[in-house]
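Below, read A as the first sequence line, B as the second, and so on, with proteins coming before strands; counting in each chain starts at 1.
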2 protein chains.
Amino acid sequence: MVKTSTLQDVARVAKVSTATVSRTLSNPDVVSESTRRRVSEAVKVTGYRINRAARNLRTQRAHSVLVLLPDLTNPFFSTILEGISRHLSQQGYSMLIASTEQVHASGERLIDYLDDARADGMIVLDGGLDPDVVEMLENAPQAKRILFACEWVDGATFASVRCQNRQGTRAAVNHLFDLGHRNIAHVTGPVGNVLMQARKDAFVDETKKLGLILRPEWLIAGDFSLAAGCLAAQAWIAMHNRPTAVFCASDQLAMGFISELSRHDFKVPKDVSVMGFDDIDLAEQFIPPLTSVRQDRLLIGETAAKMLMARVKTPGDDQLEHAAVIPVSLVTRESTAAPK
Amino acid sequence: MVKTSTLQDVARVAKVSTATVSRTLSNPDVVSESTRRRVSEAVKVTGYRINRAARNLRTQRAHSVLVLLPDLTNPFFSTILEGISRHLSQQGYSMLIASTEQVHASGERLIDYLDDARADGMIVLDGGLDPDVVEMLENAPQAKRILFACEWVDGATFASVRCQNRQGTRAAVNHLFDLGHRNIAHVTGPVGNVLMQARKDAFVDETKKLGLILRPEWLIAGDFSLAAGCLAAQAWIAMHNRPTAVFCASDQLAMGFISELSRHDFKVPKDVSVMGFDDIDLAEQFIPPLTSVRQDRLLIGETAAKMLMARVKTPGDDQLEHAAVIPVSLVTRESTAAPK
DNA sequence: ATAAGTAATGTAATCGATTGCAGAAATACA
DNA sequence: TGTATTTCTGCAATCGATTACATTACTTAT
């Protein structure tokens, strides 16, 4: 370990007590103008840097937050992380990252991160946690410092940040309807996923409300991935009476779908309109550019961080915001058009 | 803060000293079988969890590593992070994430992360640090605990993990040559980037070695992004004597390139062969599936973490591995074919 | 002039785990 | 049995910052 100077060193140089130095740095108003100057000078001279381990021990705060992802390799999360990190670093907090899988594999329990003073709070981006893990988290005394973002757990009482999945789906269906489509299929997300369920339910409701026919086979089971999109396309191709439009529960699905279609010489949107959900970066550059439902991932991240910080900082049960909903918007591009 | 039990509590229950409890947990061999059992029992009873802040303070170790990215939103890094995280968590270390931009914006200095006991080491995935930041890092006493991965800084002496950029480029050029291409263009990365330079130099060398003509305008300046790929495609379209193959310095460039071409009714690989570098997840699903140079990003991450941990753990200047090179491999798909 | 109040600073305990050193107990050896 | 050696355990200092409480030096009011 490299020796850096401590509060003691600064105190010696400034000819004050360590208490005064500490106060000068964390609460300058309570010290006099003259000592404030002397201390600042001494800090500069000694090159003092606070030792966070020491502060963390004394204040019983880790000054960092754990972000839990289902899977680090999923690019969907990167912008959300950016949003989280932006707010945290502004507050002097650090961002720890871990994946559900790895925590599990290492034999640790999730709650340990909070118990052993590694993190003050937790932002969970994974709605698919094991039910017993969820139960443990819910019953933990630190449950208030756990927040779900994007995904959530049905029936659980954690604070959360969510997107308007229902409204987004409604906008998507109406967009297709307005273009003239009457036979619309839906490629869903993975079984058991809350987003998949929310979007699927909204899709069923909205098609019903518009008086559209919805054949059972038009609800094609997928899992948000490119590969599932390809399979869904094969299912679509095999249909006798092909729907003229397909609403996919994610952009990746939509891309896989279109990709597979083009291998079979179908054209989008000429032969079928396809749209996604998320508006990932690539959507705009895809061929054809993808019509999608945009989620402001930066805002999701920032909101999540902000809400969590409020919880971490107020020990009491004050009037804390418990659920934030982030608006979505329809982005119309070239993968959707009127049916022929 | 939620009250968790401490070493003291365990010691009381097990009727031993805190020293013994500590030893039982961190170095079980030195305590007797019987006390080991008593302590384990007491740990279970009390639900003891180590307080990392306390341990970090005492041991002068943060037990965490900072990973510095140029930009959190770039999906290229996610798999590398997975690799890093995998090794770190296995060693009981945590992974902190920050972006160059944000550290800068928050007015902190990079070295502070090491100075203030927040992190024991640093993995930098950004070769584009300001020269004065680089200089400061190099002169810091902790310079040995800084490691560059993927990118690096020319002339600096940091440990690093790199890919075979030269060999990968050579393989790419030879692949195109073997298909029969004699006029090959190169879309480069961003100016000043070390990867861009390495790949460009290798490209120039290899075409020369093969006795190919290389017109100046066939070196098209890009920046690894989709958008730059589009622009490069426009440049290609505008050429009088169009090269029959284009080697892009990244997959994103290649995708942008192909995407723009298709908007102008050119077909890949019929009208021009295009290939990328990186083999990102989407490459396989792109239309057409992209020929690329594969980098094992998981291995890059794991290697980087492993090398850094070795440096963090050995205080001496032992025989530490200083530079690792990760092999790349050519992945042939459908975006390249013989010229017509 | 004295009491009361305010502002600034210092003293020292504290957070919880680790570890050098010393002592006790157990074992080996002569 | 006595001594040397090994094995195990405990005592107490330590890491570096924070903060309750005490103290001192001033101001202001009466």
key: Ala54(B), nearest nucleotide to its side chain (from dT18(C), dA17(C), dA17(D))   = dA17(C)
ask   = Distance only, no hydrogens: is a donor on one side chain within 3.5 Å (strictly under) of an acceptor on the other, for Glu82(B) and Ser99(A)?
value = no
note = Sorted by chain and number, sequence neighbours left out, side chain to side chain contact (heavy atoms under 4.5 Å, CB included) with Ala62(A) holds for Ser64(A), Asp120(A)
request  = For dG16(C), take OP1 and OP2 only and decide whether either is under 4.0 Å from a side-chain N or O of Tyr48(B).
outcome  = no
query = Below 3.5 Å, does any donor atom in the side chain of Arg55(B) face an acceptor in the base of dT18(C), or the other way round?
reply = no
task = Before accepting this row, confirm whether a basic side-chain N of the pair Arg38(B)/Glu41(B) lies closer than 4.0 Å to the acidic partner's carboxylate O.
result = no
ask   = Is there a side-chain contact between Arg61(B) and Tyr93(B) (heavy atoms, below 4.5 Å)?
value = yes
key: N/O (side chain, Ser22(A)) to phosphate O (OP1/OP2, dT18(D)) under 4.0 Å   = yes
note = Per-helix bend value, the helix from dA1(C)-dT30(D) to dA30(C)-dT1(D), C1' rotation axes over five pairs per end, 10° rounding, shows 50°
query = Within a strict 4.5 Å, meaning less than it, do heavy atoms of the Leu7(B) and Tyr48(B) side chains meet?
reply = yes
task = Please determine if Arg49(B) and Glu108(A) form a salt bridge, counting it only when a charged side-chain N lies under 4.0 Å from a carboxylate O.
result = no
Between the protein and nucleotides 8-12 of chain D, are there any N/O to N/O pairs under 3.5 Å, and if so, what are the atom names and distances?
unit_1, atom_1, unit_2, atom_2, d
dT9(D), OP1, Ser32(B), OG, 3.0
dT9(D), OP1, Thr35(B), OG1, 3.1
dT9(D), OP2, Ser32(B), N, 3.0
dT9(D), OP2, Thr35(B), OG1, 3.1
dG10(D), OP2, Ser17(B), N, 2.8
dG10(D), OP2, Ser17(B), OG, 3.1
dG10(D), OP2, Thr20(B), OG1, 2.6
dG10(D), N7, Arg23(B), NH2, 2.7
dG10(D), O6, Arg23(B), NH1, 3.2

ask   = dG16(C) phosphate, OP1 or OP2: any side-chain N/O from Gln60(A) under 4.0 angstrom?
value = yes
